[in-house]
Amino acid sequence: MSIKAQKGTKDILPEEITNWQNIEKIAYDVFSKANFKEIRTPIFEDTALFERGVGDTTDIVNKEMYTFTRSDRSITLRPENTAGVVRAYLEHSFYRESPPIKFWYKGPMFRYERPQAGRQRQFHQIGVEMFGVEDASADVECIVLATEFLKGLGLNDLVVEINSLGCSVCRKEYKEQLKKAIAPFLSGLCEDCRNRYEKNPLRILDCKNETCNKLFEENHLKESVSGIKLCNDCATHYEKLKSYLNALNIKYVENTFLVRGLDYYTRTVFEIKSNNLGSQNAVCGGGRYDGLVETLGGPHTPAVGWAMGVERLNALIPKLEAPKIDYFVVSDNQVETIKLVDKLRKNGFSAEFDYTSRKFAKQLEKAAKIANYAIILGEDEIKNNYLTIKNLSDSTQKKQTFDELIIKN
RNA sequence: GCGGGCAUCGCCAAGCGGUUAAGGCCUCGGAUUGUGGUUCCGAUAUACGUGGGUUCGAAUCCCACUGUCCGCCCCA
């Protein structure tokens, strides 16, 4: 074997597929109840979609995209799916329909990064996007969807963190105040933070550098930042969000340091974290992006959404056993065997047999591993037209005709 | 882009300069010629990541490369 899976990519093998199917089924169930519809968009898009949509100051666009050229077109493997869903929303004129428009999606995403725990170059996300609702009830709907989904997966002890970044109107103000608050000790911050100071000061709040964090604490940055005022509309929106969350008994932590890395977020941002994932601990990230639809050429349309990393979710979920098949036919008569297996399958059962007619002991051994019942079809059974059904978990046996078998089950 | 760990059969894994390179699991066969999950035998004729170097001799030491894992960064 000389050709191997590419760095940062993984085969999802049959032994682990049960977990994936389970996650996808629960997603479908939870999202359907809230009337979210699944949408599937292409895996590659015009590079410009991500440059304009995700933002050309982001790391994702600057250094992590798989971009190539075909027939003079610059194509990029999607690094996330919000931009693609917005593109589809516009392309199919969903803005002409009565809001809200609610989508969910699942699928692979691609980012050129150094792989490590919880980070691959091809990874999978499940996400939701909701268009057309300005009220914080939409934000809460999305957050509830996330917590319900996680609950469905048996994950109850995750922490929801929220923050508001303000709208485009008050964001400038916010940035200026933030810069003022940071200015006195700017020289003590790390190189990245000093670069961010002009380009994107919001991200300084998100810095994980120890010395930076110490400086933040010593200078009480957290207090001074949380004192920065959002404009009236944004403040009201944020208060509403919190009151809705309280009304639904959703526990959350306000984190004024929470800033998402993508440029399109406005007002609400949130993250759901786990303590059991190493350093890539965010399981879910999302927020409101009221300006994105317009940025991509559509009418002003408020929107909210989030995405979860399926591999990260899966790392928190115990491994599920693949379900066993119903019947394994044990016989030394291949013609009768394939006829019986065919009949079983046509009646809705899963059935398998031994393709080599080995001795019964070996066939049974195989049967016990993969099936709930063995059907023994030997000379006597064939001559007298009955089947011996063996329950492989308790070793009980009984004789039945085929008709009795399919009726009883 | 920057750091650190690790690379022995399909999987796990001993070995630490001289071995026919242990063992376990899985798979296959037999004990048990129509009955498994326990036990006991046996088999599996291309395993020391790749390329250099040191040495009489290297899976074992050195260098480079590649891969992988972990951390920084970023993000889901």
Side-chain angles (χ1 to χ4, degrees), chain A residues 1-10 13 15 54 57-65 78-82 106-127 146 158 190-193 195-196 200 203 206-210 212 258-262 270-274 277-287 305-316 328 330-333 354 356-371 373-382 388-397:
Chain A
M1 256 296 284
S2 52
I3 298 179
K4 298 196 170 148
Q6 289 297 288
K7 186 180 199 136
T9 70
K10 281 209 165 100
L13 301 172
E15 63 169 32
V54 179
T57 68
T58 61
D59 280 3
I60 290 179
V61 170
N62 278 324
K63 42 189 194 187
E64 296 176 2
M65 295 208 299
R78 63 184 186 193
E80 56 94 58
N81 207 28
T82 298
K106 62 174 190 226
M109 308 295 158
F110 306 85
R111 293 182 198 173
Y112 187 80
E113 301 182 89
R114 279 291 283 279
Q116 64 177 267
R119 196 170 81 186
Q120 295 170 208
R121 290 181 173 179
Q122 176 176 171
F123 62 102
H124 297 76
Q125 289 189 331
I126 287 177
L158 301 173
C190 70
E191 195 186 331
D192 282 340
C193 281
N195 288 332
R196 288 173 185 139
N200 196 348
R203 281 225 238 142
D206 213 20
C207 187
K208 273 122 192 160
N209 185 298
E210 272 185 39
C212 290
L258 177 62
V259 178
R260 313 246 68 248
L262 301 140
F270 55 91
E271 251 178 39
I272 301 177
K273 293 177 180 171
S274 163
L277 278 177
S279 65
Q280 314 301 321
N281 64 351
V283 142
C284 174
W306 53 253
M308 296 201 196
V310 181
E311 283 84 357
R312 290 185 192 176
L313 285 177
N314 201 197
L316 297 170
F328 190 104
V330 172
S331 174
D332 54 8
N333 185 322
D354 190 284
T356 59
S357 295
R358 296 188 287 180
K359 53 194 285 193
F360 279 27
K362 295 298 178 187
Q363 293 192 36
L364 227 20
E365 195 179 326
K366 178 75 181 278
K369 279 181 187 153
I370 68 171
Y373 294 90
I375 297 180
I376 292 147
L377 182 64
E379 271 180 48
D380 194 56
E381 284 88 349
I382 293 169
T388 299
I389 314 299
K390 176 162 187 162
N391 181 327
L392 291 163
S393 50
D394 63 15
S395 294
T396 57
Q397 264 183 220

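Every chain is numbered from 1 and lettered A, B, ... according to where its sequence line falls, protein lines coming before strand lines.
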Visitor: Just N and O in the side chain of A:Lys359: are any of them under 4.0 Å from OP1 or OP2 of B:A31?
Guide: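 Affirmative; the distance criterion is met.
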Visitor: Distance check, C1' atoms only: B:U35 and B:C25, in whole angstrom units.
Guide: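 So the two C1' atoms sit 25 Å from each other.
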Visitor: Check whether the side chain of A:Arg114 and the base of B:G71 form a donor-acceptor pair under 3.5 Å.
Guide: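 Result: no qualifying N/O pair found.
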Visitor: When we call it a touch if two heavy atoms are under 4.0 Å apart, what does A:Ala307 touch: a base, just sugar-phosphate, or nothing?
Guide: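 Sugar-phosphate: the residue A:Ala307, judged by heavy atoms under 4.0 Å, touches backbone atoms but no base.
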Visitor: Nearest whole angstrom, please: distance from the P of B:C28 to the NZ of A:Lys362.
Guide: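 Nearest whole value for this atom pair: 7 Å.
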Visitor: Can you list the steps and then say if A:Lys366 with A:Arg358 is a side chain to side chain contact (heavy atoms under 4.5 Å, CB included)?
Guide: CA-CA 11 Å; A:Lys366 178 75 181 278; A:Arg358 296 188 287 180; 4.2 Å; yes
Visitor: Expressed in whole Å, how much space separates the P atoms belonging to B:C75 and B:G4?
Guide: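 25 Å, rounded to whole Å.
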Visitor: Respond yes when some side-chain nitrogen or oxygen of A:Arg312 is under 4.0 Å from OP1 or OP2 of B:C75, and no when none is.
Guide: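 Looking at the OP1 and OP2 atoms of B:C75, neither is under 4.0 Å from any side-chain N or O of A:Arg312.
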Visitor: Starting at CG of A:Leu364, measure out to NZ of A:Lys369 and round the result to the nearest 0.5 Å.
Guide: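 So the CG of A:Leu364 and the NZ of A:Lys369 are separated by 11.5 Å.
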Visitor: So what does A:Asp332 hit on the nucleic acid, given a heavy-atom distance under 4.0 Å: a base, only sugar-phosphate, or nothing?
Guide: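 Nothing, no nucleic acid heavy atom in range.
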Visitor: Please write out each protein N/O paired with an N/O of nucleotides 36-38 of chain B under 3.5 Å, distance rounded to 0.1 Å.
Guide:
residue : atom : partner  : partner atom : Å
B:G36   : N7   : A:Lys390 : NZ           : 3.0
B:G36   : O6   : A:Ser395 : OG           : 2.3
B:G36   : N1   : A:Leu392 : O            : 2.7
B:G36   : N2   : A:Leu392 : O            : 3.1
B:G37   : O6   : A:Ser395 : OG           : 2.2
B:G37   : N2   : A:Leu392 : O            : 3.3

Visitor: Map A:Lys10 and A:Val310 onto RNA chain B by nearest heavy atom, then report which one ends up closer to the 5' terminus.
Guide: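 Residue closer to the 5' terminus by nearest nucleotide: A:Lys10.
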Visitor: What is the distance, to the nearest angstrom, from the CD atom on A:Glu15 to the P atom on B:C26?
Guide: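 Taking CD of A:Glu15 and P of B:C26, I get 15 Å after rounding.
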Visitor: Of the candidate nucleotides B:G29, B:A76, B:U35, which contains the atom at the shortest distance from the side chain of A:Thr388?
Guide: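 Of the options given, the side chain of A:Thr388 lies nearest B:U35.
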Visitor: Would you say A:Arg119 places a side-chain N or O within less than 4.0 Å of OP1 or OP2 belonging to B:C73?
Guide: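 No, because none of the side-chain N or O atoms of A:Arg119 sits under 4.0 Å from OP1 or OP2 of B:C73.
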Visitor: Taking atom P in both B:C56 and B:U46, compute the distance separating them and give it to the nearest angstrom.
Guide: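 So the two P atoms sit 34 Å from each other.
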Visitor: Considering only atom P, compute the distance from B:C72 to B:C62 and round it to an integer number of Å.
Guide: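 These two P atoms come out 29 Å apart once rounded.
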Visitor: Scan side-chain atoms only and decide if A:Thr9 and A:Gln122 contain a donor-acceptor pair under the 3.5 Å cut-off.
Guide: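 There is no such pair (donor and acceptor under 3.5 Å, judged by atom type) between the side chains of A:Thr9 and A:Gln122.
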Visitor: Determine the Euclidean distance between corresponding P atoms of B:G34 and B:U50; express it in Å to zero decimal places.
Guide: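 These two P atoms come out 48 Å apart once rounded.
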Visitor: Can any side-chain N or O of A:Arg121 pair as donor or acceptor with the backbone N or O of A:Glu113 at less than 3.5 Å?
Guide: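 Answer holds: yes.
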Visitor: Could you give the distance separating B:C9 and B:C28 at their C1' atoms, to the nearest angstrom?
Guide: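 That atom pair is separated by 16 Å.
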Visitor: Whether the side chain of A:Gln280 and the base of B:G71 hold a donor-acceptor pair under 3.5 Å is what I'd like checked.
Guide: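 By the distance-only test, no, there is no pair.
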Visitor: Tell me: NE2 of A:His124 to C1' of B:C75, nearest whole Å?
Guide: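 Rounded to the whole Å, the gap is 17 Å.
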Visitor: Mind checking the C1' distance from B:G67 to B:G49? Whole angstroms is fine.
Guide: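 My reading of the C1' atoms in B:G67 and B:G49 gives 7 Å.
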Visitor: Quick one: does any side-chain atom of A:Arg312 pair with a main-chain N or O of A:Arg119 as donor and acceptor, under 3.5 Å?
Guide: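 No; judged by distance alone, with no hydrogens or angles, the pair does not exist.
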Visitor: Heavy atoms from C-beta onward define the side chain here; which of B:C69, B:G34, B:C28 lies closest to that of A:Glu379?
Guide: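 Among B:C69, B:G34, B:C28, the one nearest the side chain of A:Glu379 is B:G34.
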Visitor: Measure the distance from CD on A:Gln363 to P on B:G29 and round it to the nearest whole Å.
Guide: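 It is 10 Å, rounded to the nearest whole Å.
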Visitor: With nearest nucleotides of RNA chain B determined for A:Gly286 and A:Lys7 from heavy-atom distances, which residue corresponds to the more 5′ nucleotide?
Guide: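 The residue mapped nearer the 5' terminus is A:Lys7.
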Visitor: Would you find a donor on one side and an acceptor on the other, under 3.5 Å apart, between the side chain of A:Glu80 and the backbone of A:Met109?
Guide: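 No.
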Visitor: Do any side-chain nitrogens or oxygens of A:Gln116 fall under 4.0 Å of OP1 or OP2 in B:G71?
Guide: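 So the side-chain polar atoms of A:Gln116 do come within 4.0 Å of the phosphate oxygens OP1 or OP2 of B:G71, strictly under.
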Visitor: Counting a pair only when it is Watson-Crick or G-U and both distances are under 3.5 Å, which runs of at least 3 such pairs involve RNA chain B?
Guide: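 B:1-7 with B:66-72, B:10-12 with B:23-25, B:27-31 with B:39-43, B:49-53 with B:61-65 - these are the stems of 3 or more pairs that involve RNA chain B.
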Visitor: Evaluate side chain to side chain donor-acceptor pair (under 3.5 Å) for A:Asp394 paired with A:Thr396, printing each intermediate quantity in order.
Guide: CA-CA 6 Å; A:Asp394 63 15; A:Thr396 57; 2.7 Å; yes
